[in-house]
Amino acid sequence: MKLTKSFEQSVGVMAILATQVKGVPIASSTIHTRLRTSLTYGQKIIRKLVKAGLVASVSGQNGGFCLAKEAQDISCLDVVEAVEGPVQTFRNEKLLDRVFNDGDKQTVKEADETLKEIFNEADEQWCNYLRKISIEDIITRVLGDEDYHEIDWNQVSSSRELLLSKILRSGR
């Protein structure tokens, strides 16, 4: 399975939301400015995350988005499935059936079932691994410390980038 750029952008969105000061929603324009993505494409990704119950939409003048759950309760698999759909790496086009088509029908059926079994097992192993890695784990691996500092991304501007850099590094 090759993940699309939507997945990487969605992890970026989740990282921003996970490091945001609690109780302060982030405007979608702030998220997209930080990620340097198209606003409309980014909104499509955020809608998928909202629909999956990973992100909450907050309406009002100071509205925006925040995590719907704690970062440690959101797995990579949750994000993959929210933006890419259910994991299924093997699309059975029944081409192996053509290889064994001159044999009996049982051989054709076994060829089909064998490939499905192999790839279903591989998908399950991959899903189990992604299920163990949370958004918080990713942030911790990047920043090197579980006690990272929260940031109000709504207040971060290019003139404050140096300060932001220091805040992120001070968590190490």
Side-chain angles (χ1 to χ4, degrees), residues 1-89 91 123-172:
M1 171 181 217
K2 183 176 181 181
L3 298 173
T4 65
K5 69 179 183 175
S6 297
F7 171 72
E8 187 175 3
Q9 288 183 16
S10 63
V11 171
V13 168
M14 299 302 284
I16 289 172
L17 295 174
T19 55
Q20 174 67 8
V21 173
K22 299 280 186 255
V24 180
I26 304 174
S28 62
S29 60
T30 299
I31 294 169
H32 307 299
T33 298
R34 183 70 190 172
L35 293 177
R36 295 182 190 108
T37 61
S38 154
L39 183 60
T40 54
Y41 187 71
Q43 287 172 333
K44 181 179 173 182
I45 291 169
I46 291 175
R47 274 194 300 277
K48 288 181 177 184
L49 296 169
V50 169
K51 186 176 178 184
L54 305 177
V55 171
S57 176
V58 179
S59 58
Q61 185 177 9
N62 294 321
F65 300 94
C66 58
L67 290 182
K69 305 176 184 180
E70 294 296 320
Q72 73 256 14
D73 297 329
I74 301 172
S75 72
C76 280
L77 181 61
D78 294 332
V79 180
V80 167
E81 290 181 335
V83 295
E84 304 286 350
V87 173
Q88 184 178 12
T89 55
R91 298 175 200 246
D123 288 347
E124 189 57 35
Q125 288 179 21
W126 192 61
C127 289
N128 285 338
Y129 180 75
L130 292 179
R131 213 175 263 118
K132 294 176 188 175
I133 306 298
S134 71
I135 295 301
E136 186 172 273
D137 293 334
I138 293 170
I139 293 167
T140 299
R141 287 182 184 189
V142 170
L143 299 179
D145 187 86
E146 288 184 35
D147 188 27
Y148 54 85
H149 296 271
E150 292 179 338
I151 300 161
D152 185 351
W153 291 100
N154 295 312
Q155 302 301 317
V156 175
S157 64
S158 58
S159 64
R160 297 184 64 185
E161 287 293 321
L162 183 60
L163 175 61
L164 173 62
S165 174
K166 289 180 181 178
I167 290 170
L168 290 174
R169 279 194 218 118
S170 70
R172 289 186 180 198

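Scope of the values below: all heavy atoms of this structure, side chains included, with no hydrogens, waters or symmetry mates. Being a predicted model, the structure only gives us computed values, none of them experimental.
When all heavy atoms of Ser134 and Ala71 are compared, the closest pair comes out as CB-O, 3.6 Å. Ile135 approaches Ala18 most closely through the heavy-atom pair CG2-CB, 4.0 Å.
Legend: residues meeting side chain to side chain donor-acceptor pair (under 3.5 Å) with Tyr41, ordered by chain and number and at least two apart, are Ser6. Considering only residues two or more places apart in sequence or on other chains, Arg47 meets the side chain to side chain donor-acceptor pair (under 3.5 Å) condition with none of them. By the side chain to side chain donor-acceptor pair (under 3.5 Å) test, Ser38 is found to be paired with Thr40, residues two or more places apart in sequence or in another chain being considered. For Gln9, there are no side chain to side chain donor-acceptor pair (under 3.5 Å) partners two or more places apart in sequence or in a different chain.
Note that CD1 of Ile26 and CD of Gln20 are 3.5 Å apart. Values are rounded to the nearest 0.5 Å. Put simply, OG on Ser29 and CD on Gln43 are 9.0 Å apart, with the number rounded to the nearest 0.5 Å. The structure places OG of Ser57 at 15.0 Å from NZ of Lys51, a figure rounded to the nearest 0.5 Å. In this structure, the separation between OG1 on Thr19 and CE on Met14 is 11.5 Å, given to the nearest 0.5 Å. Considering CD1 of Ile46 and CG of Leu54, their distance stands at 12.0 Å, rounded to 0.5 Å. Atoms OG and CD1, on Ser28 and Ile45 in that order, are 12.0 Å from each other to the nearest 0.5 Å.
In this structure, Leu3 and Val83 have side chains that are not in contact, with every pair of non-hydrogen atoms separated by 4.5 Å or more. Between Phe65 and Pro25, every side-chain heavy-atom pair lies at or beyond the 4.5 Å cut-off.
For the pair Asn128 (side chain) and Gln125 (backbone), a donor-acceptor distance under 3.5 Å is absent.
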Q | CA sep, side-chain torsions, deciding dist, call: Leu17, Ile31, side chain to side chain contact (heavy atoms under 4.5 Å, CB included) | A | CA-CA 9 Å; Leu17 295 174; Ile31 294 169; 4.2 Å; yes
Side-chain donor-acceptor distances from residues 74-81 under 3.5 Å, at least two apart:
from, atom 1, to, atom 2, distance (Å)
Ser75, OG, Leu77, N, 3.3
Ser75, OG, Asp78, N, 3.0
Ser75, OG, Asp78, OD1, 3.4
Ser75, OG, Asp78, OD2, 3.2
Asp78, OD2, Ser75, N, 2.9

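Within the structure, side-chain hydrogen bond (donor to acceptor under 3.5 Å, both in side chains) contacts touching residues 58-74 (residues at least two apart or in different chains) do not occur.
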